[in-house]
Amino acid sequence: MKILITGGAGFIGSHVVRLFVNKYPNYTIHNLDKLTYAGNLANLTDIEKKPNYKFVKGDIVDASFINSLFEKEKYNAVIHLAAESHVDRSITNPLEFVMTNVIGTVNLLNAYKKSGVYSQTAPLSLGEGRGGEAALFYHVSTDEVYGALGETGMFTEETSYDPHSPYSASKASSDHFVRAYYDTYKLPVVISNCSNNYGPNHFPEKLIPLCIHNIKNNKPLPIYGKGENVRDWLFVKDHAVAIDTIFHQAKLGSTYNIGGHNEWTNIDVIRLLCKVMDKKLNRPDGTNEKLITFVKDRAGHDLRYAIDATKLKNDLGWVPSVTFEQGLDQTVDWYLQNSEWLDNVTSGNYAKYYEEQYVKR
Ligand code: NAD
Ligand code: DAU
């Protein structure tokens, strides 16, 4: 079984690659990544020499490269995570999000369809849900496609799409293409829509790692608007386990929501983080909270996300394994123990790792 994981050098992708490489030594895992500012091979040093792992540098927007890769490698399955993922960047440069998230996804769908592998794959015992079919195009998406909630209610798999940011519009569009390839060409697909992740290896432009970095360096913690927006936080390793579960057991053509039942206003998340880091950095209680600074709100800022993950729990038995407090504790420890990773990422030096490991040899 040869699986292509796209975006495997990024935050969530690196946790998915690690899980699959370690848990399934009989699978061959190829990690295709362009290594944009968000891709970092230093996320994968512990598994890069494993015999069932290979890194492939490439751009999913480059159709001829993608077609030749699929022609050559005949991937049985794809787990597609590569994307431009930051909402604020999508507000300043929407076209880049159209290119990677929409065109890149359609290029992968076309190449997988053309390779024809999915209709020829011999059944492997991969779980009951698909009758053991190994062929799959698994598209990893976001809860932001559903738009914003008011003070009550939750997103279910039946909620209509209503994206508001260029990022979520591009992800919604890619979801529609994946669904269209199932309906039109019978391509074997599944989609999952997950809430906000946090954990090790998160690029420090996103709220939690940005604030960990700033607290460490005594810098202001920028909170958009009044900090009243609500997000539903899930530990990244729990997301990777959910992806493994869905990959092996979901019915073809299905969609699963993934979430932590863990809603927090932004200001409460940052207050909790400040408390945790007061202790860990031996600072008097209340020191870090003084760094909180309210700044101009994000344009079109979605008020609230909340995922109803009942279907995933009832159908496939997945539930998160850690509480937010446990996950946040582990996350802060990871950042404090990996100062070099954080320094390299914030200084831009991390690209050197690729040069040293893959180019100069
Ligand atoms: P990330 O930005 O950390 O990583 C994205 C990866 O994709 C990087 O390694 C980058 O180099 C690679 N990439 C970008 N453009 C590429 C291209 N044109 N060709 C090949 N590789 C390219 O993102 P993430 O937070 O790990 O998110 C991964 C996926 O999960 C995305 O599809 C995102 O929409 C989705 N998602 C993220 C979250 C979250 O909270 N982070 C939640 C739900 C869903
Ligand atoms: O819901 C899933 C999505 O979660 C993923 O699809 C996206 O890829 C991921 O980036 C994330 O999107 P958000 O916009 O919710 O994440 P971000 O960390 O950028 O922001 C979280 C909340 O914090 C949001 O309400 C905006 C706010 N925020 C963010 C930053 C970067 C601040 O108040 N200050 C900040 O500096």
Side-chain angles (χ1 to χ4, degrees), residues 5-17 31-41 43-44 56-62 65-66 79-91 96-97 99-101 103-105 107-108 139-146 148 155 163 165 167-168 170-171 174-175 192-199 201-211 214 220-234 236 239-240 243 257-259 264-267 269-270 292-298 301-307 351 354:
I5 300 183
T6 71
F11 167 46
I12 302 170
S14 60
H15 288 276
V16 175
V17 166
N31 168 16
L32 169 66
D33 201 295
K34 183 182 173 183
L35 299 182
T36 66
Y37 78 94
N40 185 355
L41 288 172
N43 292 344
L44 292 165
V56 181
K57 188 170 192 279
D59 186 346
I60 59 170
V61 178
D62 181 348
F65 164 76
I66 293 295
I79 306 177
H80 175 36
L81 296 109
E84 286 295 333
S85 70
H86 191 39
V87 174
D88 293 332
R89 286 179 189 254
S90 82
I91 295 169
E96 207 171 340
F97 284 67
M99 296 310 290
T100 292
N101 298 359
I103 307 289
T105 301
N107 282 341
L108 290 167
H139 180 59
V140 176
S141 193
T142 172
D143 61 354
E144 299 200 9
V145 298
Y146 297 124
F155 299 133
S165 72
Y167 163 69
S168 55
S170 70
K171 291 296 289 187
S174 66
D175 290 12
S192 59
N193 297 87
C194 189
S195 62
N196 285 63
N197 285 215
Y198 69 97
N201 309 98
H202 205 181
F203 196 86
E205 64 183 350
K206 310 278 171 70
L207 179 69
I208 290 182
L210 173 75
C211 289
N214 286 8
L221 310 177
I223 304 295
Y224 297 162
K226 293 181 181 157
E228 287 167 349
N229 303 66
V230 174
R231 297 293 183 263
D232 175 357
W233 293 97
L234 178 69
V236 65
H239 188 187
I243 288 174
N257 280 354
I258 311 173
W264 289 75
T265 60
N266 293 335
I267 187 68
V269 168
I270 297 312
I292 290 176
T293 311
F294 293 95
V295 298
K296 188 167 173 269
D297 209 352
R298 173 184 278 172
H301 197 171
D302 286 337
L303 177 66
R304 175 173 164 257
Y305 305 143
I307 278 278
Y354 170 72

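This structure is a prediction, so every number in the text was calculated from the model and none was measured. We count ligands from 1, going down the list as the structure has it; atoms in each ligand are counted the same way.
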With atoms numbered from 1 as shown, which atoms in ligand 1 lie under 4.0 angstrom from a non-hydrogen atom of S141?
43 (C), 44 (C)
For V87, the ligand 2 atoms whose distance to one of its heavy atoms is below 4.0 Å:
14 (O)
Counting only heavy atoms closer than 4.0 Å, does ligand 2 sit against the backbone of N197, its side chain, both, or neither?
neither
Side chains of N40 and S14 in contact at under 4.5 Å (non-hydrogen atoms)
no
Just by modelled atom types, is the D232 backbone N or O under 3.5 Å from a matching donor or acceptor in the S195 side chain?
yes
Tell me whether ligand 1 is touched by T6 - counting only heavy atoms on the residue side and a distance under 4.0 Å.
no
Residue K171 vicinity, atoms of ligand 1 by number, heavy atom under 4.0 Å:
31 (C), 32 (O), 33 (C), 34 (O)
At a 4.0 Å threshold, what atoms of ligand 2 neighbour a non-hydrogen atom of Y305?
1 (O)
For ligand 2, which atoms have a heavy atom of N266 less than 4.0 angstrom away?
22 (C), 23 (O), 24 (C), 25 (O), 27 (C)
Is the NZ or CZ atom of R231 positioned over Y198's six-membered ring, under 6.0 angstrom from the centre and within 45° of the axis?
no
Ranked by distance from atom 29 (C) of ligand 1, the top protein heavy atom is L81 O, 3.2 Å
Close-contact set for ligand 2 against P222 heavy atoms, below 4.0 Å:
32 (C), 33 (O), 34 (N), 35 (C), 36 (O)
Tell me which protein heavy atom sits closest to atom 5 (C) of ligand 1, plus the residue, atom name and distance to 0.1 Å.
A83 O, 3.4 Å
Nearest protein heavy-atom contact for atom 3 (O) of ligand 1: which residue, which atom, what distance?
F11 N, 3.0 Å
A side-chain contact here means heavy atoms from C-beta on lying under 4.5 Å apart; do I60 and I66 qualify?
yes
Does the side chain of I79 come within less than 4.5 Å of V140's, by heavy atoms?
yes
Quick one, K226 with I267, criterion side-chain contact (heavy atoms from CB on, under 4.5 Å). Give me CA distance, side-chain angles, the key distance, then yes/no.
CA-CA 8 Å; K226 293 181 181 157; I267 187 68; over 6 Å; no
Within the side chain of N31, is there an N or O that forms a donor-acceptor pair under 3.5 Å with the backbone of G8?
yes
For V230 and W264, what are the C-alpha separation, side-chain angles and deciding distance, and is it a side-chain contact (heavy atoms from CB on, under 4.5 Å)?
CA-CA 5 Å; V230 174; W264 289 75; 6.0 Å; no
Kindly compute the distance separating CD1 (I258) from CG (L234), expressed to the nearest 0.5 Å.
7.5 Å
Under 4.0 Å from a heavy atom of C194: give me the atoms of ligand 1 that qualify, with their elements.
42 (C), 43 (C)
How close does the nearest protein non-hydrogen atom get to atom 40 (O) of ligand 1, and which residue and atom is it?
N197 N, 2.9 Å
Would you mind listing which atoms of ligand 2 come within a distance below 4.0 Å of any non-hydrogen atom of H86?
19 (O)
Please check if the side chain of N101 supplies one atom and the backbone of A83 the other of a donor-acceptor pair under 3.5 Å.
no
Can you sort out which atoms of ligand 2 are near T142, meaning under 4.0 Å from one of its heavy atoms?
1 (O), 2 (C), 3 (C), 5 (C), 6 (O)
Could you check which of D143, N193, L207 puts a non-hydrogen atom nearest to atom 1 (O) of ligand 2?
D143
Any side-chain heavy atom of L210 within less than 4.5 Å of one from P222?
yes
Considering W233, Y167, Y224 one by one, which has a heavy atom nearer to atom 32 (C) of ligand 2 than any of the others?
Y224
Does at least one non-hydrogen atom of A9 fall below 4.0 angstrom from an atom of ligand 1?
yes
Take R89 and E205 through the salt bridge (charged side-chain N to carboxylate O under 4.0 Å, His left out) test and state the conclusion after the steps.
CA-CA 10 Å; R89 286 179 189 254; E205 64 183 350; 2.7 Å; yes
Between L35, N201, T36, which one has a non-hydrogen atom sitting closest to atom 13 (N) of ligand 1?
T36
For the side chain of T6 and the backbone of L81, is there at least one donor-acceptor N/O pair under 3.5 Å apart?
yes
Numbered atoms of ligand 2 (with element) below 4.0 Å of I223, judged on heavy atoms:
33 (O)
To check your reading of the model: name the closest protein heavy atom to atom 18 (N) of ligand 1, its residue, and the distance in Å.
D59 OD1, 2.8 Å
Do me a favour and list the nearest non-hydrogen protein atom to atom 21 (N) of ligand 1 with residue, atom name and distance?
K34 N, 3.1 Å
Donor-acceptor pair, distance only, cut-off 3.5 Å: does the side chain of T100 make one with the backbone of E84?
no
Ignoring hydrogens, just give me the one of L207, T100, N101 whose non-hydrogen atom is nearest atom 15 (N) of ligand 1.
T100
With heavy atoms of G58 as the reference, note each atom of ligand 1 found under 4.0 Å away.
19 (N), 20 (C)
Using distance alone, decide if ligand 1 has a nitrogen or oxygen within less than 3.5 Å of any nitrogen or oxygen in N196.
no
Look at the side chain of N107 and the backbone N and O of V61, then say whether any donor-acceptor pair between them is shorter than 3.5 Å.
yes
Does a side-chain heavy-atom distance below 4.5 Å link F11 with V236?
yes
Nearest heavy atom to atom 10 (O) of ligand 2: which of S141, S85, C194, S195 does it belong to?
S85
Less than 4.5 Å apart, side chain to side chain, heavy atoms only: is that true for F155 and N193?
no
Could you verify whether a donor N or O on one side chain and an acceptor N or O on the other, from H139 and S174, lie under 3.5 Å apart?
yes
Among K206, E205, R298, R304, which residue places a heavy atom closest to atom 19 (O) of ligand 2?
R298
Where does N40 meet ligand 1, judged by heavy-atom distances below 4.0 Å: at the side chain, the backbone, both, or neither?
neither
I12 N/O under 3.5 Å from ligand 1 N/O:
yes
In terms of residue, atom name and distance, what is the protein heavy atom nearest to atom 12 (O) of ligand 2?
E144 OE2, 2.8 Å
Does H301 reach ligand 2, in the sense of a heavy atom lying below 4.0 Å from it?
yes
Using heavy-atom distances, let me know which of D33, L32, T105, I60 sits nearest atom 19 (N) of ligand 1.
I60
Can you find an N/O atom of S85 closer than 3.5 Å to an N/O atom of ligand 1?
yes
Give yes if a backbone or side-chain nitrogen or oxygen of R231 is under 3.5 Å from a nitrogen or oxygen of ligand 2, and no if not.
yes
Contacting atoms of ligand 2, where contact means under 4.0 angstrom from a heavy atom of L210
36 (O)
Got the closest protein heavy atom to atom 4 (O) of ligand 1, with its distance?
G10 CA, 3.5 Å
If you define the side chain from C-beta out and look only at heavy atoms, does anything of F65 sit under 4.5 Å from V56?
yes
Just need the protein heavy atom nearest to atom 34 (O) of ligand 1, so name the residue and atom and give the distance.
Y167 OH, 2.7 Å
Option nearest atom 11 (C) of ligand 2 (shortest heavy-atom distance, choices V269, N196, T293, I270)
N196
Check each atom of ligand 1 against the heavy atoms of V140 and keep those under 4.0 Å away; list them by number with element.
30 (O), 32 (O)
Give a yes-or-no answer on whether the side chains of H15 and N201 include a donor-acceptor pair shorter than 3.5 Å.
yes
Close approach, S195 and ligand 1, non-hydrogen under 4.0 angstrom
yes
